[in-house]
Amino acid sequence: MEKRQIKVTVNGEPRLVDVEPRLLLVHLLREGLGLTGTHIGCDTTSCGACTVLFDGQPVKSCTMLAVQTDGHEVTTVEGLAKASELDPVQEGFKEEHALQCGFCTSGMMMSAKALLMENPNPTEEDVRWALSGNLCRCTGYQNIVKAVLWAAKKMQSEAAV
Amino acid sequence: MYPSRFRYEAPRSLEEALDLLKTYGDEAKVLAGGQSLIPMLKLRFANPEILIDINNLPGLNYHREEPDGTLAIGALCRHRDLERSQLLKAKYPTMAAAAPLVADPIVRTRGTLVGSLCHADPQGDWASVLLALDGEIVAVGPQGRRTIPAVDFVVGPFQNALNPDELAIEARVPAPKGTVLGHYLKLERRVGDFATAGVAVAVEISGGKVTRAGIALTGVGANNIKVTAAEQVLVGSSLDARSIEEAAQLAADAAEPKSDHRGSAAYKRHIVRTFVVRALSSGQRQAA
Ligand SMILES: Cc1cc2nc3c(=O)[nH]c(=O)nc-3n(C[C@H](O)[C@H](O)[C@H](O)COP(=O)(O)OP(=O)(O)OC[C@H]3O[C@@H](n4cnc5c(N)ncnc54)[C@H](O)[C@@H]3O)c2cc1C
Ligand code: FES
Ligand code: FES
């Protein structure tokens, strides 16, 4: 089958990969690049477990073709931490006990990250709105919202220093 | 779920895209945001020989006011751009109300208004908005450019008026006149769900009288429904309680809902009636 070489920057690292046009981005990430932090939940664009950042904006990677990332940047949950230092969003999830089984967590974090990059000082309602495309089947929404607000505070105090 | 095999092209110019459409015609599918098409490919409801990805076409990611006041929305303008638009908030209250209600925030990052119109899902929100606002769609093909009024664009569920060799490049909405009252109300079971019932309302008022009225319904028929009878009742009125009640009844009568998992037909009809009253009484009012 026809394959096509694409150049995509994943978590800051340029990668050259051969992909069949019908390959979905989520499969390139998980199976092609071994980045299994991005999960497949529904596979029908509903749950948001597969959310990654595409040029800084949240997308459901089960509803994008890998070939479409040619020349673009993708960030997955593996790209959040810098060396051993967690991203404030990850720290927030830890501090506020914002995960149960953890299945939705990476997608939640990527949506949260996108929100905080656009709006560093969100209200609780802003957070709920931004996460509304992500489903948590353990239904731990309360702590997830707290975690994102925690991260926003942390980022603000860091920015103030 | 993998889609079937297809050839993939991502042309960098409109000419190139049109050439591909001309060569492949019915065998081709245009890929815009992919938020309806990719799920359809995965479910194998669509098995095109070739996908023509238009995301690399230059100059289509805009929404702007033309010199004559017309609002023009390019084929790559995403729902999220419309949701954040100050221009819509200032001048197009119906559109500003609808934008945050289309799908969920992640789907809105990629999905496009023009793609929604082309997809022609009877549950689609934008088609009702364009019907209420008397919008139109600009298509280009080998014969050049043509403009198709929104009322003629959707010809059936999931069927639009484009020829196989045509690309939709823009949606257009005429400049509002006088004081504008607009709203979009949608009942959904949860965020990101399609409408149980939705109502788009756009009214222009000059000298205390309604000079133009647009009302359209989502999710309560085989297509989005423009309720001409209700529009006619409102024109010339002062938007008093009686004309609003009458328009709401006509809208409920025009709806053709089916009972399904979202609700019974009678319930949906009731929602339409209530929403028309509410939208006309509580819509955002702004001087154009
Ligand atoms: C979870 C979920 C929830 C959703 N909820 C809603 C909702 O509440 N309301 C709603 O209205 N929609 C909803 N949708 C549908 C979806 O958001 C829209 O239909 C979508 O945004 C379409 O735009 P697109 O650019 O992604 O189109 P695509 O998926 O790329 O294309 C859709 C169709 O239009 C054709 N097409 C696209 N652009 C052009 C063009 N320029 N010229 C010619 N043909 C073209 C394609 O070939 C295809 O047949 C939902 C989708 C998902 C996945
Ligand atoms: S797996 Fe992609 S949205 Fe659920
Ligand atoms: S923590 Fe289990 S799905 Fe969210």
Side-chain angles (χ1 to χ4, degrees), chain A residues 1-4 6 19-28 31 40 42-72 107-108 110-115 118-119 125-135 141, chain B residues 1-12 28-29 31-57 61 76 78-81 83-84 99-111 115 188-194:
Chain A
M1 186 58 205
E2 179 216 352
K3 289 215 177 184
R4 188 178 285 244
I6 63 164
V19 298
E20 206 186 316
R22 64 172 171 162
L23 184 73
L24 299 167
L25 175 57
V26 69
H27 295 304
L28 170 67
E31 287 133 40
I40 304 177
C42 63
D43 199 20
T44 54
T45 330
S46 308
C47 74
C50 65
T51 304
V52 300
L53 303 186
F54 175 75
D55 291 340
Q57 293 189 358
V59 297
K60 294 181 179 179
S61 61
C62 72
T63 309
M64 215 178 145
L65 303 170
V67 65
Q68 293 189 283
T69 63
D70 191 17
H72 294 270
M108 286 284 180
M110 300 320 285
S111 283
K113 183 74 188 167
L115 167 71
E118 186 185 359
N119 176 5
E125 206 195 323
D126 294 335
V127 174
R128 288 186 184 276
W129 188 250
L131 296 182
S132 59
N134 296 83
L135 303 181
Y141 296 106
Chain B
M1 291 183 285
Y2 285 93
S4 315
R5 296 200 164 103
F6 50 77
R7 203 178 130 192
Y8 171 86
E9 294 294 340
R12 294 192 173 266
K29 271 277 176 199
L31 174 65
Q35 300 303 294
S36 292
L37 183 56
I38 293 181
M40 300 235 301
L41 293 174
K42 291 203 283 183
L43 295 166
R44 311 261 172 130
F45 287 150
N47 296 299
E49 193 177 310
I50 175 172
L51 273 199
I52 305 174
D53 181 351
I54 60 171
N55 284 282
N56 290 333
L57 295 189
N61 179 15
L76 290 176
R78 315 284 168 176
H79 304 307
R80 69 170 272 137
D81 303 330
E83 185 182 5
R84 286 161 175 73
L101 300 178
V102 177
D104 66 53
I106 314 175
V107 170
R108 288 199 293 274
T109 305
R110 299 250 347 128
E188 49 186 9
R189 293 173 305 169
R190 55 174 170 76
V191 170
D193 192 17
F194 288 95

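Numbers restart at 1 for each chain; the letters A, B, ... are given by sequence-line order, proteins then strands.
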(message) Quick check on B:Arg84 against chain A: is it the side chain, the backbone, both or neither that has a heavy atom closer than 4.5 Å?
(response) side chain
(message) Measuring from atom CD of A:Gln68 to atom CG of B:Asn56, what distance do you get when rounded to the nearest 0.5 angstrom?
(response) 9.0 Å
(request) Decide yes or no for A:Gln57 and B:Arg80: does some side-chain heavy atom of the first lie under 4.5 Å from some side-chain heavy atom of the second? (result) yes
(message) I'd like to verify something: which residue of B:Arg108, B:Lys42, B:Arg190, B:Gln35 has the highest number of heavy-atom pairs under 4.5 Å with chain A?
(response) B:Lys42
(message) If you define the side chain from C-beta out and look only at heavy atoms, does anything of B:Asp104 sit under 4.5 Å from A:Lys60?
(response) yes
(request) For salt bridge (Lys or Arg N to Asp or Glu O under 4.0 Å), just list the numbers for A:Glu20 and B:Arg5, CA-CA rounded to whole Å, side-chain angles, deciding distance to a tenth of an Å, and then say yes or no. (result) CA-CA 8 Å; A:Glu20 206 186 316; B:Arg5 296 200 164 103; 3.2 Å; yes
(message) Less than 4.5 Å to any heavy atom of chain B: does that hold for the side chain of A:Thr63, its backbone, both, or neither?
(response) both
(request) State the CG-CG distance between B:Leu41 and A:Leu24, to the nearest 0.5 angstrom. (result) 9.0 Å
(request) Below 4.5 Å from any heavy atom of chain B, which atoms of A:Ile40 appear? Answer side chain, backbone, both or neither. (result) neither
(request) Pick whichever of B:Ser4, B:Gly34, B:Gly192 has the most heavy-atom pairs under 4.5 Å with chain A. (result) B:Ser4
(request) Answer with side chain, backbone, both or neither: which region of A:Ser132 has an atom nearer than 4.5 Å to a non-hydrogen atom of chain B? (result) both
(request) Measure the spacing between CD1 of B:Ile38 and OG1 of A:Thr44 and express it to the nearest 0.5 Å. (result) 13.5 Å
(message) How long is the straight-line distance from OG1 of A:Thr45 back to CZ of B:Arg110, given to the nearest 0.5 Å?
(response) 12.0 Å
(message) Between A:Leu65 and B:Leu51, is there a side-chain heavy-atom distance shorter than 4.5 Å?
(response) yes
(request) Return yes if some donor-acceptor pair links the side-chain N/O of B:Thr109 with the main-chain N/O of A:Val59 below 3.5 Å, else return no. (result) no
(request) Output the option from B:Val191, B:Asn55, B:Ile106 having the highest count of non-hydrogen pairs under 4.5 Å with chain A. (result) B:Ile106
(request) Return the minimal non-hydrogen interatomic distance between A:Arg4 and B:Tyr8, and the atom names on each side. (result) NH2-O, 2.7 Å
(message) With a 4.5 angstrom heavy-atom cut-off, is it the side chain or the backbone of B:Leu43 that approaches chain A, or both, or neither?
(response) neither
